[in-house]
Amino acid sequence: MDLKLTADHQRFRMEVRAFLQEHLPEDLRQAARRQFHIAPEMMRRWQRILNAKGWAAPGWPVEAGGTGWSAIQRYIYDEEYCLADGPLPLQMGHGVQIIGPVLYTYGTAEQKARYLPRILRGEDFWAQGFSEPGAGSDLASLRTRAVRDGDDWVITGHKIWTSLAHHANMLFLLARTDPDVKPQKGISFFVFPIDTPGVIVRPIISIDRGHSLNETFFDEVRVPADSLIGEEGQGWSYAKFLLGHERFNIAEIARTKRRLQRLWQIAGDMPCGEGTLAQDQSFCDKITALEIELASLEQLGLRVAWEMDEGISNMQSASILKLRGTRLIQSVTELSVEAMGYAGLAFHPAQDGSQLSPPAPESAQGKMEEMLFLRAATIYGGSSETQLNILANLIYAEV
Amino acid sequence: MDLKLTADHQRFRMEVRAFLQEHLPEDLRQAARRQFHIAPEMMRRWQRILNAKGWAAPGWPVEAGGTGWSAIQRYIYDEEYCLADGPLPLQMGHGVQIIGPVLYTYGTAEQKARYLPRILRGEDFWAQGFSEPGAGSDLASLRTRAVRDGDDWVITGHKIWTSLAHHANMLFLLARTDPDVKPQKGISFFVFPIDTPGVIVRPIISIDRGHSLNETFFDEVRVPADSLIGEEGQGWSYAKFLLGHERFNIAEIARTKRRLQRLWQIAGDMPCGEGTLAQDQSFCDKITALEIELASLEQLGLRVAWEMDEGISNMQSASILKLRGTRLIQSVTELSVEAMGYAGLAFHPAQDGSQLSPPAPESAQGKMEEMLFLRAATIYGGSSETQLNILANLIYAEV
Amino acid sequence: MDFSLSLEQSMLCDSLNAWLADSYDMASWRKLTASWPPEPSDTWQGLADLGVTGLIIPDSYGGIGMGAMDLHLVAEALGRHLVIDPFLSTAVLGAELIIRLGDEAQKQAMLPAIAEGRLRLAVAHAEKTARFDPFRSTTVATATDDGLRLRGEKMVVMDAPLADRFLVVAQEQGAPVVAIVNRDAPGLTLNTYRLVDDRAGADMIFDDVPAERLGAATADARKAIDAAFDLAAVFVCAEAVGAMRAALRLTIEHVKSRRQFGTEIGNFQALRHRIAEMQSELSAAEAMSLGAAAGLSEGKQDRMRAVSAAKVQCIQSSRYVGRNAVQLHGGMGVSQEVAVGQYFKRLIACEPMFGDIGHHQARFASLSGRAA
Amino acid sequence: MDFSLSLEQSMLCDSLNAWLADSYDMASWRKLTASWPPEPSDTWQGLADLGVTGLIIPDSYGGIGMGAMDLHLVAEALGRHLVIDPFLSTAVLGAELIIRLGDEAQKQAMLPAIAEGRLRLAVAHAEKTARFDPFRSTTVATATDDGLRLRGEKMVVMDAPLADRFLVVAQEQGAPVVAIVNRDAPGLTLNTYRLVDDRAGADMIFDDVPAERLGAATADARKAIDAAFDLAAVFVCAEAVGAMRAALRLTIEHVKSRRQFGTEIGNFQALRHRIAEMQSELSAAEAMSLGAAAGLSEGKQDRMRAVSAAKVQCIQSSRYVGRNAVQLHGGMGVSQEVAVGQYFKRLIACEPMFGDIGHHQARFASLSGRAA
C-alpha cells in the first residue's frame, strides 16, 4: 500500500497547470465562474484549443484519438482543470464523456471514423435521450420504440431531460426494438442528426430560469440502418456500461473543491459585524465541516481512480461517490447562498439584464442560479434514493 | 387564539415550585442528578410525601384519588418538577402512569378499591408486561396465552423489557385469550402479584451496566378470575388507550430542559484553552441549536396539552412529540458526553465503587450512563421507525 | 391558553382563503409574475377589500385593529398562495413603523390609505456593508429647514418597483432615523430586478434626496425599528409555514399519483418516512412560529428570544421540507413548469429576511440565560 | 499510488485475523472483561508472538520495522475484535515516544521488551485542567541529581492498571518532558476504574515521585509528542473503522434474520437505506483514515491537516454507524448480552482520544489555506 502520488504524477500536474495557465482563455474562466450555462460558441472554441494540444478527450484511449491517460491522471487533470475555472465539459454536450466511449467500444470502424474526429474537433454537439417522462429511475420501462422498415428504423416516442438538445446537431437515444422480451432486453442504441424530420425539441426552463433541459418528441423519425450502434437489443447493457464512470463525474469532487475556495472568497467579501463573514466563527465552522467532508471524498475518489486503473469494478464505491458527492455539491452551493445574505435574493440570470450593478460581490455571481439548478444533482444520473437501493442490494448480496 | 398561560396558571406554577422547594428531599434531588436508576426505597418515601400533599397521581381524576389537574397544569407541574431535579416517576414503577388509568377507566369498583389507594400510597410497585421477544413493534403478534380453567386463568409465555420487575410486587400484562380471532382481537389484560408461582424474572443488564430491565417467564401461572381487567378480548384497545399519553411522557420535554441547563453547567466546569468549554463558540453553537429545538418542542407540547384538555385527539402530534422528543434527548445526552472529553471515559456506576474521586466534575456525574441507557428512547414506546410509519398512514389518510 | 380560532378569525380565514383560491391560483400567479417590469395588479385592491391590508391598523385609522396572532393566520394563507403583492412591506413592516413612530398627521395620511389599498410602501433597510443590522446603516440623513436630505445606497429593497413611497432606515448623527421618500423624489435612482421568488426588488441610490422624518426627532426610532423588524420576522416565519404546507401537500399528491416499478412511489417506505419527517418539521416550525407571534407582546428579552428561535426553526424546517419536496418530485421538481419549485424559491427567499439562521442563532444565544 | 496489500501485509493480516478469530471471539472477550481488577492475560503474549507488538519498532531493536499503513491494518483488525490489551499505549504511543525521544540505553531497555511482550506501558497525558492539549500539563517535573521528581495529577490513563511502567507527559520549567515512572515508584497513587468500553484506566497522583527523563534534556519533546499523538490518533481512527465494520456486519445479519409483519425486517426500504448510508459512512471514514496514515509521513502541516480531517470524519461516521447499529437491533441493542452495544461503546471511547471532534475541527480550520 502506498497512497501517495508519484513524482511522475506531480510532473504531470505541473504540465497540466502550465498548459491551463497559458491556454484557458480568461473570458471562459470568467464565464465558468459566473454562470452555469455557457454559450456553445465559447465551448467550441475551447474544444479546438484542447484538440490542438491533443487533450480533447481525456478519458479516451490513444487509438480513438484520446490522451490514453490513466484514471489517476484524469483525476489530477480534472482537479487542475476545475481549480483553473475550466468550464464544465458537459457544456460542450455529451460527445466526449458519453457517446464517445460507446462509439469506440461498440461502434463499427465506419461509425468510429465518421463520428469520433468530429467530437474531438468540437464540430458535433451531442444530446442524449435516455430518460422518459414518468419513468424516473425505472429506465428499463422505456416506451420509445424503433421499428425496422426496410433498410431504415422508424422511431416514435418521447424523451425528457435531453440536456442541451437545443444546441445539439446530433442525438443518441435508447429505444425499444423488441417489445416481446423482458424489459431490459430488446432495447437498442441509436445515433442520428437532430434535424432529422420528425424530431421536435421543446425547452424545459429550470428553476434557475436557465435553459439547458428539453423534452424531445419523435414522430415516426426515419433513420438509416447504420444509426444503430452495436448489436440490436444490447442498448441497455451499453447504457449501464456508462453509468459507473458517469457517477464518478457527477460527484464533481474537484469542482466542489473549487466551489469551497469560492465560498471562502464570498465569505471574505461579505461584511459581518466589525469584520467579514470569514471571521465569523460560527460560519467558518460550517465551511470547515464541508471541507472535511471533501477531504474524505477526495481520498475515496483517488481509491476509485486507482481501482479503475487496476480494472477493479467497485459498484459500491461508484454509488457512494455519487451519493456523497452530490450531497456535498448541494451543501456547498447552499452555504454559498447563505453567505450572500440579502444580496442572494437579487435574481439576475445573464440573459435578463434587468439591473446594472448587482448587490452581490463578483465572487458570488451566479451562485444562486447554481444552487437552484444543482438541486437536480441528487436526481439526475440515478437519484440518491436509487443509489441507496443499489447499494443495499450490493451489500446484502455480500453478507 | 391566545397562547399565553393565564394568571391562574402562573399562581399554580408558584405553588408547585414552593412545594418542591420545601418537600423534595435533597438526597433524592442528588440521586436524580447523578444516576439513572434510583433505589425503590427512596422512591417509596417520595411517593408518601406526594400522597400527603394529595399530589400522588397528577394525571388521575379526583374521584380516583388524583389531582384532577388539566393537561396544561400537568405540563406546568412536570416542568417545575424536572427543573427541581425530581426523580423520574417511572422509577416508582408503572403504577401511577400506566396501570392506574387502566384501572380507574376499565376496572370494577372492587378492583379500583383494592389497587388504586395502594398505588397512591406507594405500597405497590407495578411492572408491565407488554413486549415479547422477537415481536418488536408488532405488538399484535404476541404469543403469551391465558387459558380459562374453572375460576382461574392459566398464563404461559415470555415477556421482555419488563422494567423494574425485580423491584415490583405487582404485574400487569397482555395475553392472548382467544387464538381464533384476528390478532388484535382476543387479547386480554391481566393483573396479579409477581410472586405468583410460575413467574420467573431474569435480569437484562443494559449497556450502561445498570439493571432496570428484565425478561419475565410465565410457566402455567394460575391467577384468579378477577385478575382480568375490563372485558375479555379488549386488552389491545386498552393498551392503545395508553399509548398516546405515554408518547407525551416519553418525549420528556421538561426533563430535557433541565438536561440542557445541566449541559451548560458541565460546559462551564470543563476547562478548554484559556477558559471553559462554555466560552468556546463552536461548542456553544451546538448547545444553542438544541435549545432552539427544545423551544419549538415546548410550543408543540403546550399545544398537545391544550388539545388533551379540549378532548381533541391528535395522533399525529403524539407521534411527532415522541419522534422529536426522543431524538432531542439523545442529542442532549450525547453532547453532554462530548462535553466531558476524556473524563467521560471513566465508567463508574454507583454500584461499582471502583474508584475514589471521579475525573468528571459533579455536574457531569452519571451522564455517560444516562446517554447509554437512553439509546433506548428511540426504541421503546414505539420506535422512531414505527412513529414514522404511523405518521405516514395518518398523513396519507388526510390527503 | 387557547389554540382555537375565534369567530372573527374563522371569518377572516374563510373569506381570505376563498378569495385566494379564486384570484391566486397557480395560473393567476403565473400571469402575475410573467411580465417585467412588474405592474400593479388588482390583487392589491382585492386584499384591501378583504380588510387585510388594514389588519394591524387601528380602527381609528380605518383598519380593523387585529393583532399578531391574526396576522400569523393571514401570512400563512399568503404563503400558501405565494402572494407577490407588497403586503409585508406595506401592511406589516411599513404600517407598524408608522403606527409606532409616525406623528398624527403622518398616520392620518398613510394608515387609512394602506387600509384602503391606495398606498403601497417599500422599506429600504439592507446595505452591502451591513449584514442584517439596520443600525449599521451608512445612509446618512441630514436635517434641513424643510425636512431631511438623504445620501447613500440601499440594496435589495423588496417591492420597491411597486411602491408609491419608501420608508428608508438611515442614520442622523449616529442615531437611527426612518425617512419617508416619495417615488419621484429628485436624486433617487432605482435599479430594479426580480427577486429569486419572482417578487420585485431594487437597489436604491440616494443622491441628496429630500425626505420627511417619520415621527418626531425625539422619538425612539431604534426601539420602533427593533419591534417592527421582529413583527416582520414572525410574518416571514408564518409565510414560510404556509409555503411549506403547500409544498408538502403538492408532494404528497405527487407521490400518490406517480407510479414506478408497478406501484405508487408514495408506497415506498423511504418516501413514506420522508413525508412523515416533512410533516414533523412543518409542525415544529408552525408551533414555534405561533409561539413567537404570541411572544411579540412579551418583554423585549422574551420577545426577541422567541422570534429568533422561530426564525431558526422555520429556516431549518424550510430547508428540509423545501429540498425534499423538490427531490420527491424527481426531475420535474427543478422545472419552472411545476409549482413545487416556486415554493422552494419562496422558502429560499424567506431565509435572509430580517436575519438569517446564523444571525438569529447568535441573537438567541446572546439572550439565553444559562441557568445553573 | 497503490491501494493493494503487499505480500508482507497480506501475511500479517492473515495471521492476525486467524489468531483473533480464535483467541478473541465474543465469548473470549466476555471472559477477558468479566473480572475486576483486570489481570494480565496471555493474549498480550499472543500478540507479541505474532510480531505486532513490535510492528513499528526497528529491526535493530527486535521489532519488524513496518510503517503507518501496516499499523492501520493491524488497528482495524484489533478494532473489529474489540481488543482490550494495552496495544495502543504500549506498541503505538509508548513505542513511538521511545523511538523518537529515547536515548540508546532506554531504547535497548524497552523496545525489545515491548516487541517480545515483556513490557506493558501506559502513557499519562490527560489532566482535568487541560482538555486535549498535553502541553497544558500542570504536572511538574523537577530535575535532581539522580533523575526527575514528579508532582501533579493525571486522569483517565488508559491501560494504567495493566502497565509495568508509565510514560508521563509533564513540564519542566515550562517545557514539555516525558518521564518514565516505575509502577512501584514511591509517592505514586492509582485510582483504577473501568473505562466505558471495558478497557481499564486510572487516575494517577504523583507526590514527589522519582522518575527518569525519556531521552536527552536537549531533545525536542514537543515535536516528538506531537508526532506520536498524531500516530496514535490515526490508530484510533483505524480502530474505529474496524469497530464500525463489525457493528455494520452484525446489524446486517440481524436485520436479515429478524422477522416482523411477515417479512425480514431487512427488507423494509427504510432499513435498507439506513444500511446503505452506514456503508457509505464507513467507506468515507476508511478512506480518510487511510489517507491520514499516508499523510503521517508528509510535512507537519499536511500531516496534521490529514489527521484532523480523519478524526472528525471517523467520529462523525462512528456516530452514524454506532447509533444506527444499536437502533436497528431494537431493544436488544441496548442489552449487554448482545455484542453490538459493546461496539457502540468502543466507538464512544474512541471519540475523545487524542482530540475530539471540536478539537480536530478547530485544528483543521487553523491549518487550512483559504485560497482565493
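Computation of the quantities below employed the complete heavy-atom set of this structure, encompassing side-chain atoms and omitting hydrogens, waters and symmetry-equivalent molecules. Throughout, protein chains are lettered first and strands after them, A, B, ... in sequence-line order, and every chain is numbered starting at 1.
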Checklist entry - With chain C, which of B:E385, B:E298, B:H9 has the greatest number of heavy-atom pairs at distances under 4.5 Å? => result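 Top count of heavy-atom pairs under 4.5 Å with chain C: B:E385.
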Assert top hit (heavy-atom pairs under 4.5 Å, partner chain C, pool B:L263, B:L83, B:L391, B:D2) equals B:D2
Does any backbone or side-chain atom of [X] lie under 4.5 Å from a heavy atom of chain C? Answer side chain, backbone, both or neither.
X      : value
B:E293 : both
B:I72  : side chain
B:I287 : neither
B:D309 : neither
B:A289 : both

Item to complete: Just do the side chain to side chain contact (heavy atoms under 4.5 Å, CB included) check on B:R303 and C:L290 with the steps written out, would you?
Response: CA-CA 10 Å; B:R303 177 166 200 143; C:L290 278 169; 3.6 Å; yes
- Look at C:A310, C:G295, C:S4 and state which one has the largest set of heavy-atom pairs under 4.5 Å with chain B.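 Counting heavy-atom pairs under 4.5 Å, the top option is C:S4.
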Of the listed C:S289, C:G291, C:S6, C:G67, the one with the largest count of heavy-atom pairs under 4.5 Å with chain B is C:G291
Are [X] and [Y] packed together at the side-chain level, in the sense that at least one heavy-atom pair is separated by less than 4.5 angstrom?
X      : Y      : value
C:L73  : B:M1   : yes
C:E286 : B:Q299 : no
B:N389 : C:Q269 : yes

Would you name the heavy atoms of C:S297 and B:K4 that are closest together and state the gap between them?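 Closest approach of C:S297 to B:K4, heavy atoms only: OG-NZ, 2.6 Å.
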Got a second to check how far [X]'s [atom1] is from [Y]'s [atom2], nearest 0.5 Å?
X      : Y      : atom1 : atom2 : value
B:I320 : C:S280 : CD1   : OG    : 5.0 Å
C:M1   : B:D8   : CE    : CG    : 13.5 Å
B:T288 : C:R363 : OG1   : CZ    : 14.0 Å
C:Q316 : B:S296 : CD    : OG    : 8.5 Å
B:E291 : C:L367 : CD    : CG    : 11.0 Å
C:D2   : B:L3   : CG    : CG    : 8.5 Å

| request: Using the side chain to side chain contact (heavy atoms under 4.5 Å, CB included) rule, take C:R272 and B:L388 through it: C-alpha gap first, then chi angles, then the decisive distance, then the call. | output: CA-CA 8 Å; C:R272 288 167 54 83; B:L388 291 169; over 6 Å; no
Taking the side chain from C:K256 and the backbone from B:V399, do they hold a donor-acceptor pair closer than 3.5 Å? yes
### Task
Give a yes or no answer on whether the side chain of B:Y396 reaches the backbone of C:G266 with a donor-acceptor pair at less than 3.5 Å.
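Yes, the answer is positive, given that a donor and an acceptor are paired below the 3.5 Å cut-off.
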Output, in order, the C-alpha distance, side-chain angles, deciding distance and verdict of side chain to side chain contact (heavy atoms under 4.5 Å, CB included) for B:E307 and C:F3. CA-CA 8 Å; B:E307 286 172 344; C:F3 284 83; over 6 Å; no
Salt-bridge test for C:R249 and B:E398: reply yes if a basic N is under 4.0 Å from a carboxylate O, no otherwise.
-> no
| task | May I ask you to decide whether B:R327 forms a salt bridge with C:E277, counting only side-chain N to carboxylate O separations under 4.0 Å? | result | yes
task: Determine whether more than 12 heavy atoms belonging to other residues, nucleotides or ligands lie under 6.0 Å from atom CD of C:E8.
output: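 No, because the 6.0 Å sphere around CD of C:E8 holds 12 heavy atoms or fewer from other groups.
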Please determine whether the number of non-hydrogen atoms from other residues, nucleotides or ligands lying under 6.0 Å from atom CD of B:E26 exceeds 12. yes
When the 4.5 angstrom heavy-atom criterion is applied to C:Q9 and chain B, the contacting part is side chain
